[in-house]
Peer 1: 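Before anything else, here's the structure in question.
Chain A is the first sequence line, chain B the second, and so forth, proteins listed ahead of strands; every chain is numbered from 1.
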There are 2 protein chains.
Amino acid sequence: MKGREKAIVVADIIDNIRRVFQAVNEYSKKAERETGLTGPQLWAIKVVAESGPLKVSELARRMYLHPATVVGVIDRLEGRGLVSRMRSREDRRVVKIELTEQGKTLIVNAPEVAQGLLVRGLETLEHEQLLRMSVDLERLVEILGAQELPPKLLLSSEINLPGRSVPK
Amino acid sequence: MKGREKAIVVADIIDNIRRVFQAVNEYSKKAERETGLTGPQLWAIKVVAESGPLKVSELARRMYLHPATVVGVIDRLEGRGLVSRMRSREDRRVVKIELTEQGKTLIVNAPEVAQGLLVRGLETLEHEQLLRMSVDLERLVEILGAQELPPKLLLSSEINLPGRSVPK
DNA sequence: ACCAGATCGTTTGTGCTCAAATGTTTGGTG
DNA sequence: CACCAAACATTTGAGCACAAACGATCTGGT
């Protein structure tokens, strides 16, 4: 009767999932100490950096966050002079977020976010192992019933790294 | 040259990791609507329910949270009459948290937390698949450098489910 | 030209999370 | 006995996250 073993393996898996959660959080806090920016702030400024001027709603969409949350983040980034708000002339409802010169200089020597670490680590794996892991994670997603969660967004924009290294 | 394919698989993996994060959050919010309690509140009350009266610090440790955070959660649970604080007589610095009768009745028909869903789903998998997934997640943890994160706590208390179902 | 409805950014209110500071109690040590 | 360091819970302050409500603006239909 291998029910017992099974339970142990399940426990291991849950433990490791927890560790992944923890690690991502910890990593975000580490970046905080190095740049003076918090994780979300760094994330936001990176998205703006690589996708030009963005509407607030568009930025929120790319970060999977509520617009109301993003407004606060922008407030603080603007307070530090790293980004600036610009009302659009075609549609005066929208506000475009863009980097200031100060923001551009900061971005070049900002540390990687957790995703970067993850991407680089995964790239060192064999192709077969990658496929395996992809399948397994898909199964996990299936268990959680989260197949369609990010409704086919082009979230690749934040993670895709064409050839080799330097996702920065 | 399969560098391109590799990047695609990596992107898929990252996507699915994100989905797992999202799903756990969403799930916590769903529980919120069904019980009137937030995710952390429900989590805290479940831990107290199965591990008897607990010190604040002990509860914080089991939830991987800062004591200051737990104090706020307890405040709100106490405000709803679900738990009660009791100063220890042996050591008057410590405060024991225990369920009220109202809390006990709530706990029996409270919905599963995300972990429960995960555990039940994993249990339906083949033993081989479980081992595979365990190995893969371990690799993920390794990439994140999070091997020793939860410093060998008896966190099993929240997840172990000896024989079959009923992690509740 | 007007009005109903949608969209956009923002504000407000509640809760979670941590770091740092505070106050209390305990257990030693001089 | 007096003092002091450690342990404990709490408070305070800052940031993040969302729901709900709001004012301003744009759009489509009449």
Side-chain angles (χ1 to χ4, degrees), chain A residues 21-22 24-33 35-45 47 53-80 82-98 113-114, chain B residues 21-22 24-33 35-45 53-61 63-80 82-98 113-114:
Chain A
F21 271 70
Q22 287 275 107
V24 170
N25 285 342
E26 302 266 337
Y27 210 81
S28 142
K29 273 172 216 151
K30 174 172 274 177
E32 179 168 350
R33 299 204 174 78
T35 64
L37 296 183
T38 65
Q41 286 172 13
L42 189 57
W43 186 13
I45 206 175
V47 172
L54 283 178
K55 300 198 294 180
V56 174
S57 51
E58 180 60 21
L59 178 56
R61 198 179 63 85
R62 296 204 190 206
M63 294 178 71
Y64 303 98
L65 289 180
H66 198 282
T69 302
V70 175
V71 167
V73 175
I74 296 172
D75 285 347
R76 282 175 283 273
L77 286 177
E78 193 180 26
R80 294 176 185 239
L82 298 174
V83 305
S84 64
R85 276 178 232 246
M86 204 181 60
R87 277 225 110 85
S88 166
R89 257 172 291 286
E90 308 97 44
D91 187 339
R92 274 191 322 231
R93 290 172 303 180
V94 324
V95 170
K96 297 278 193 168
I97 312 298
E98 54 183 2
V113 273
Chain B
F21 271 71
Q22 287 274 106
V24 170
N25 285 342
E26 302 266 338
Y27 209 80
S28 141
K29 273 173 216 151
K30 175 173 272 175
E32 181 167 348
R33 298 202 175 78
T35 63
L37 296 182
T38 65
Q41 287 171 13
L42 189 57
W43 186 13
I45 206 175
L54 283 177
K55 299 197 296 180
V56 174
S57 52
E58 180 59 21
L59 178 56
R61 198 179 63 86
M63 295 178 70
Y64 303 97
L65 289 180
H66 199 281
T69 303
V70 175
V71 167
V73 175
I74 295 172
D75 285 347
R76 284 173 283 274
L77 286 178
E78 193 181 26
R80 292 175 187 242
L82 297 174
V83 304
S84 64
R85 275 179 234 245
M86 204 181 60
R87 278 226 109 86
S88 166
R89 258 173 290 285
E90 309 95 46
D91 187 339
R92 278 199 314 245
R93 289 171 302 181
V94 325
V95 171
K96 296 279 193 167
I97 312 298
E98 54 183 1
V113 273

Peer 1: Do B:V70 and B:I97 come close enough that some side-chain heavy atom pair is under 4.5 Å?
Peer 2: no
Peer 1: Between A:R85 and C:dG9, does any side-chain N or O lie under 4.0 Å from OP1 or OP2?
Peer 2: no
Peer 1: For A:R61 and C:dG9, what is the distance between atoms CZ and P respectively, to the nearest whole Å?
Peer 2: 12 Å
Peer 1: Look at atom CZ of B:R87 and say whether more than 12 heavy atoms of other residues, nucleotides or ligands are closer to it than 6.0 Å.
Peer 2: yes
Peer 1: Ignoring hydrogens, what is the shortest heavy-atom contact between A:E98 and A:P53? Give both atom names and the distance.
Peer 2: OE1-CG, 4.2 Å
Peer 1: Nearest whole angstrom, please: distance from the P of D:dC8 to the CD of B:E58.
Peer 2: 10 Å
Peer 1: In whole angstroms, how far is the P atom of D:dA24 from the CG atom of A:D91?
Peer 2: 16 Å
Peer 1: Can you tell me the distance, in whole Å, between the CZ atom of A:R92 and the P atom of C:dT10?
Peer 2: 16 Å
Peer 1: How does protein contact run along nucleotides 12-22 of chain C, one letter per nucleotide 5' to 3', with B for base contact, S for sugar-phosphate only, - for none, heavy atoms under 4.0 Å?
Peer 2: ---SSBBB---
Peer 1: Which heavy atom of A:V71 sits nearest a heavy atom of A:R85, and at what distance?
Peer 2: O-NH2, 4.0 Å
Peer 1: Atom CG of B:D75 and atom P of D:dT12: how far apart are they, to the nearest Å?
Peer 2: 12 Å
Peer 1: Between C1' on D:dA9 and CG on B:L54, what's the gap in Å once rounded to a whole number?
Peer 2: 15 Å
Peer 1: If I take atom CZ in residue A:R87 and atom C1' in nucleotide C:dC8, what distance separates them, rounded to the nearest angstrom?
Peer 2: 8 Å
Peer 1: Please report the closest heavy-atom contact between A:P40 and A:V73, naming both atoms and the distance.
Peer 2: O-CG1, 4.2 Å
Peer 1: Minimum heavy-atom separation for A:L59 to A:A44, with atom names?
Peer 2: CD1-O, 4.2 Å
Peer 1: For B:R61 and B:E58, which heavy atoms make the closest approach, and how far apart are they?
Peer 2: NH2-OE2, 2.8 Å
Peer 1: What is the distance from CZ of A:R89 to P of D:dC26, rounded to the nearest Å?
Peer 2: 13 Å
Peer 1: Closest approach to the side chain of A:S57, judged atom by atom: which nucleotide of D:dT25, C:dC8, D:dT10 is it?
Peer 2: C:dC8
Peer 1: List in chain and number order the residues that pass salt bridge (charged side-chain N to carboxylate O under 4.0 Å, His left out) with B:R93, two or more places apart in sequence or in another chain; answer none if no residue qualifies.
Peer 2: B:D91
Peer 1: Measure from the side-chain heavy atoms of B:R93 and tell me the nearest of D:dT10, C:dT7, C:dT25.
Peer 2: C:dT25
Peer 1: Counting C-beta onward and ignoring hydrogens, is there a side-chain heavy-atom pair between A:T38 and A:R76 closer than 4.5 Å?
Peer 2: no
Peer 1: Return no unless some side-chain N or O of B:K55 is found under 4.0 Å from OP1 or OP2 of D:dA9.
Peer 2: no
Peer 1: Looking at five pairs on each end of the helix from C:dA1-D:dT30 to C:dG30-D:dC1, what is the angle between the two axes, given to 10 degrees?
Peer 2: 10°
